[in-house]
Amino acid sequence: MHAGRRLVLKGGIALAALASLPRVLLAAAWPEKAFSSTAAGQAMIDLLGTDQTTASDQIRLKVPEIAENGAVVPVTISTSLENVESISIVVENNPRPLAATFEISPETLPDISSRIKMGETSDVMAVVKTDAGIFSTSKQVKVTIGGCGG
Amino acid sequence: MASKIKVKAKLSGDIAEIKTLMLHPMETGARKDPDTGALVPMHHITQLTLTKNGEPIVVANLSTAVAKNPYFSCKVRGAKAGDMLKISWVDNLGATDELETVLG
């Protein structure tokens, strides 16, 4: 057996060992900068370090096509992507686009639901961070009555 | 004070589906009081934490864009009857609430 191949094998085993270490979920500080950002791209840079995401059809974003009341818009995000670290909801046209970010432990399934507010019709983006990168999918929600105090 | 968190946890196989509802105004800071016309100060949950037997399973950071009386649901693998679930939150004014429930 070639030494080079041996090395690759060893490297692979080491990597596998590293990956199998349980990732510990730590309550980090509330990401104030990302939440106070007024542009979706900047909010994502502040939160995830980049606004570049890979569009993925493995993320299922369930939102209503038309929300009669922007104050309560149900959102469900699930994905078949593996090793999900966090799921975030970004509403592009909200005054502060980052609505929420959910960090999950390895034993939590990437399948969450919540309810958000939307000021006006907007694309809603589900951003999923895995150990392989940052993936997203978007859907437009038409809002007939805004939910941002107007 | 009694907890104002409601939780429903359902075990099917080794997967627990946890649904929770928190009582909180989630004020954006942009809404005007209809009587006085003054802005209602921002008041919202910042961090929501779910733990199972003391281990965090979800840490959620929320903004004012989460609807009033926030709803959240998730699913956790490796759950069994007798597991202790704890749901707790803290808001931007430092108020907290928590609820513990036993799965099963």
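Computed from a predicted structure; not experimentally measured. Residue numbers begin at 1 in each chain, while the letters A, B, ... track the order of the sequences.
- Expressed to the nearest 0.5 Å, how far CD1 of A:I116 lies from CE of B:M26 amounts to 11.5 Å.
- With a threshold of 4.5 angstrom between heavy atoms, B:L50 does not approach chain A through any atom at all.
- A distance of 8.0 Å separates CG in B:L48 from CZ in A:F102, rounded to the nearest 0.5 Å.
- Residues A:I104 and B:I45 share a hydrophobic cluster, clusters being chains of Ile/Leu/Val/Met/Phe/Trp/Tyr side chains in contact below 4.5 Å.
- For residues 82-93 of chain B, the pairs satisfying salt bridge (Lys or Arg N to Asp or Glu O under 4.0 Å) are B:K52-B:D83, B:K80-B:D83, B:K86-B:E98, with sequence neighbours left out.
- Residue A:L98 touches chain B through its backbone alone, counting heavy-atom pairs closer than 4.5 Å.
- Remark: side-chain polar atoms of B:R77 are paired, donor with acceptor, to backbone N or O of A:P106 under 3.5 angstrom.
- The most heavy-atom pairs under 4.5 Å with chain A, out of B:A16, B:S73, B:G78, come from B:S73.
- With hydrophobic clusters built from ILVMFWY side chains whose heavy atoms lie under 4.5 angstrom apart, B:M22 shares a cluster with B:L99.
- Using a 30° and 60° split on the angle between ring planes, A:W30 and B:H44 fall in the tilted class, from 30° to 60°.
- In terms of the salt bridge (charged side-chain N to carboxylate O under 4.0 Å, His left out) criterion, A:K62 has no residue partners (sequence neighbours excluded).
- Note that CZ of A:R115 and CG of B:N69 are 9.0 Å apart. Values are rounded to the nearest 0.5 Å.
- With a 4.5 Å cut-off on side-chain heavy atoms, B:N61 and A:E103 count as touching.
- With hydrogens and angles ignored, the 3.5 Å screen pairs no side-chain donor or acceptor of A:T108 with any backbone N or O of B:V76.
- Ranked by heavy-atom pairs shorter than 4.5 Å toward chain A, the options B:A79, B:A60, B:G29 are led by B:A60.
- B:F72 is connected to A:L61 through a chain of hydrophobic side-chain contacts under 4.5 Å among Ile, Leu, Val, Met, Phe, Trp and Tyr, so both are in one cluster.
- There is no path of hydrophobic side-chain contacts, each under 4.5 Å, that joins A:M125 to A:F135.
- Counting only heavy atoms from C-beta outward, the side chains of B:D14 and A:E107 never approach each other to under 4.5 Å.
- The shortest non-hydrogen separation linking B:A67 to A:A71 is CB-O, 3.3 Å.
- If you chain together hydrophobic residues whose side chains sit under 4.5 Å apart, A:I77 and A:V127 never meet in one group.
- By number of non-hydrogen pairs under 4.5 angstrom with chain B, the leading residue of A:S114, A:A99, A:A100 is A:A99.
- Residue with the most contacts toward chain A among B:I57, B:V66, B:V58: B:I57 (heavy-atom pairs, distance under 4.5 Å).
- Within a 6.0 Å sphere centred on CG of A:D57, other residues, nucleotides and ligands contribute 12 heavy atoms or fewer.
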A:E32 vs B:N92, test: side chain to side chain contact (heavy atoms under 4.5 Å, CB included). Steps then yes/no. CA-CA 11 Å; A:E32 188 176 354; B:N92 65 324; over 6 Å; no
